Amino acid sequence: MDKYEIQRRIFRISALLMLLSAVSLIVVIPRLIKEISPGGIPKAAPIATTVAMGVRLLFFLGFLIGIRLTKLKRRINREINIVAAVVIFLLGFVLMDGAFAYADSLVFVSAGMFVSVSCDLAAAVVLIIAFIRLRKKKKA
């Protein structure tokens, strides 16, 4: 298996994880909109969750573009994997704060956000593993 095939597999896995993360947030957003009340959650919560979902969809599209580029035998820098992993990792921790905030009152919303966070962290781990594996492939 050549390095392009490895990169395609890694990008496919990461793209699927980011899509699952975005879908779990799409399911959560209507519930957040429904729960807006003067004493309840702030009005900015659904907006922030929508932006978080949009960022995950942008990563999904980026991974699809990466798949297309590796099919054309274009080399993708390993450092891009690390930068993407760090950004996805940080986005996961930012969303984890929101998931803990809703854990007391909105269990469904909290569970959906935890699913999204776990997908983000899994995608980051996959990208770091890809960096290590492609690095070893190049030395060999």
Side-chain angles (χ1 to χ4, degrees):
M1 186 179 335
D2 65 342
K3 66 180 178 179
Y4 296 113
E5 182 62 31
I6 294 170
Q7 279 188 336
R8 274 194 297 275
R9 282 187 176 183
I10 296 301
F11 286 151
R12 283 185 196 125
I13 293 169
S14 298
L16 287 175
L17 286 169
M18 294 312 291
L19 184 63
L20 181 63
S21 178
V23 167
S24 70
L25 290 179
I26 289 171
V27 170
V28 163
I29 290 171
R31 186 70 177 254
L32 279 175
I33 292 172
K34 181 181 165 188
E35 294 294 326
I36 293 177
S37 62
I41 64 171
K43 291 182 181 180
I47 296 169
T49 307
T50 305
V51 169
M53 183 257 319
V55 170
R56 280 150 180 82
L57 287 176
L58 286 175
F59 270 103
F60 172 70
L61 291 175
F63 289 133
L64 290 182
I65 290 170
I67 292 168
R68 177 72 62 173
L69 289 175
T70 56
K71 283 184 181 177
L72 297 173
K73 302 288 185 188
R74 300 259 175 118
R75 184 174 159 257
I76 296 179
N77 293 336
R78 296 182 320 263
E79 290 78 18
I80 292 175
N81 288 341
I82 290 297
V83 170
V86 168
V87 171
I88 290 171
F89 193 72
L90 292 176
L91 286 173
F93 277 116
V94 168
L95 191 63
M96 189 182 293
D97 179 47
F100 279 120
Y102 299 126
D104 293 335
S105 58
L106 299 172
V107 178
F108 177 75
V109 172
S110 181
M113 287 186 172
F114 277 122
V115 167
S116 180
V117 167
S118 63
C119 289
D120 291 346
L121 297 180
V125 168
V126 165
L127 289 171
I128 290 171
I129 290 171
F131 173 75
I132 293 168
R133 184 160 180 188
L134 291 174
R135 183 174 171 200
K136 287 183 179 178
K137 275 279 196 195
K138 188 169 185 163
K139 285 183 179 179

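Just so it is clear, the structure is predicted and the values come from calculations on it, not from any experiment.
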dist Leu57:CG -> Ile26:CD1 (nearest 0.5 Å) comes out at 5.5 Å

One should read off an interatomic distance between Lys34 NZ and Leu106 CG, to the nearest 0.5 angstrom, of 10.0 Å

Nearest heavy-atom contact between Met113 and Leu95 is O-CD2, 4.0 Å

May I ask whether Leu61 and Met53 are part of the same hydrophobic cluster, defined by side-chain heavy atoms of I, L, V, M, F, W, Y residues being less than 4.5 angstrom apart, directly or through others?
yes

CG (Leu64) and CZ (Phe59) are apart, to the nearest 0.5 Å, by 13.5 Å

Shortest non-hydrogen pair, Val28 vs Gly112, comes out as CG2-CA, 3.7 Å

Q) Does the pair Leu127 and Ile10 meet the rule for a side chain to side chain contact (heavy atoms under 4.5 Å, CB included), with working shown? A) CA-CA 7 Å; Leu127 289 171; Ile10 296 301; 4.0 Å; yes

To the nearest 0.5 Å, atom CD1 of Ile33 lies from atom OG1 of Thr49 at 9.0 Å

Between the CD1 atom in Ile13 and the CZ atom in Arg8, the distance rounded to the nearest 0.5 Å is 13.0 Å

By side chain to side chain contact (heavy atoms under 4.5 Å, CB included), Leu20 pairs with (sequence neighbours left out) Cys119

Dump the intermediate steps for side chain to side chain contact (heavy atoms under 4.5 Å, CB included) on Leu19 and Phe63, then the final yes or no.
-> CA-CA 10 Å; Leu19 184 63; Phe63 289 133; over 6 Å; no

Margin query: Same cluster or not: Leu16 versus Val55, using hydrophobic residues (I, L, V, M, F, W, Y) connected whenever any side-chain heavy atoms lie under 4.5 Å apart?
Written below: no

Rounded to the nearest 0.5 angstrom, the CG-CG distance for Leu121 and Leu91 is 10.5 Å

Taking every heavy atom of Ala45 against every heavy atom of Leu32, the minimum-distance pair comes out as O-CD1, 4.2 Å

Do other residues, nucleotides or ligands put more than 12 heavy atoms under 6.0 Å from the CZ atom of Arg12? yes

Does Val94 share a hydrophobic cluster with Phe100, counting links as ILVMFWY side-chain heavy atoms below 4.5 Å and allowing steps through other members? no

Residues at least two apart in sequence or cross-chain that pass side chain to side chain contact (heavy atoms under 4.5 Å, CB included) with Ala122, listed by chain then number, are Leu17

Please check if Ile6 and Ile65 belong to a single hydrophobic cluster, counting links between Ile, Leu, Val, Met, Phe, Trp and Tyr side chain heavy atoms closer than 4.5 Å.
yes

Among the clusters formed by ILVMFWY side chains lying less than 4.5 Å apart, do Val117 and Val87 turn up in the same one? yes

Next on the checklist: Ring-plane angle category for Phe93 and Phe89, please: parallel below 30°, perpendicular beyond 60°, tilted otherwise.
Outcome noted: perpendicular

Closest non-hydrogen contact found for Ala22 with Arg56 is CB-CB, 4.2 Å

What one should report as the nearest heavy-atom pair of Ser110 and Ala103 is OG-CA, 3.6 Å

Heavy atoms of Ile88 and Asp120 approach each other most closely as CG2-O, 3.1 Å

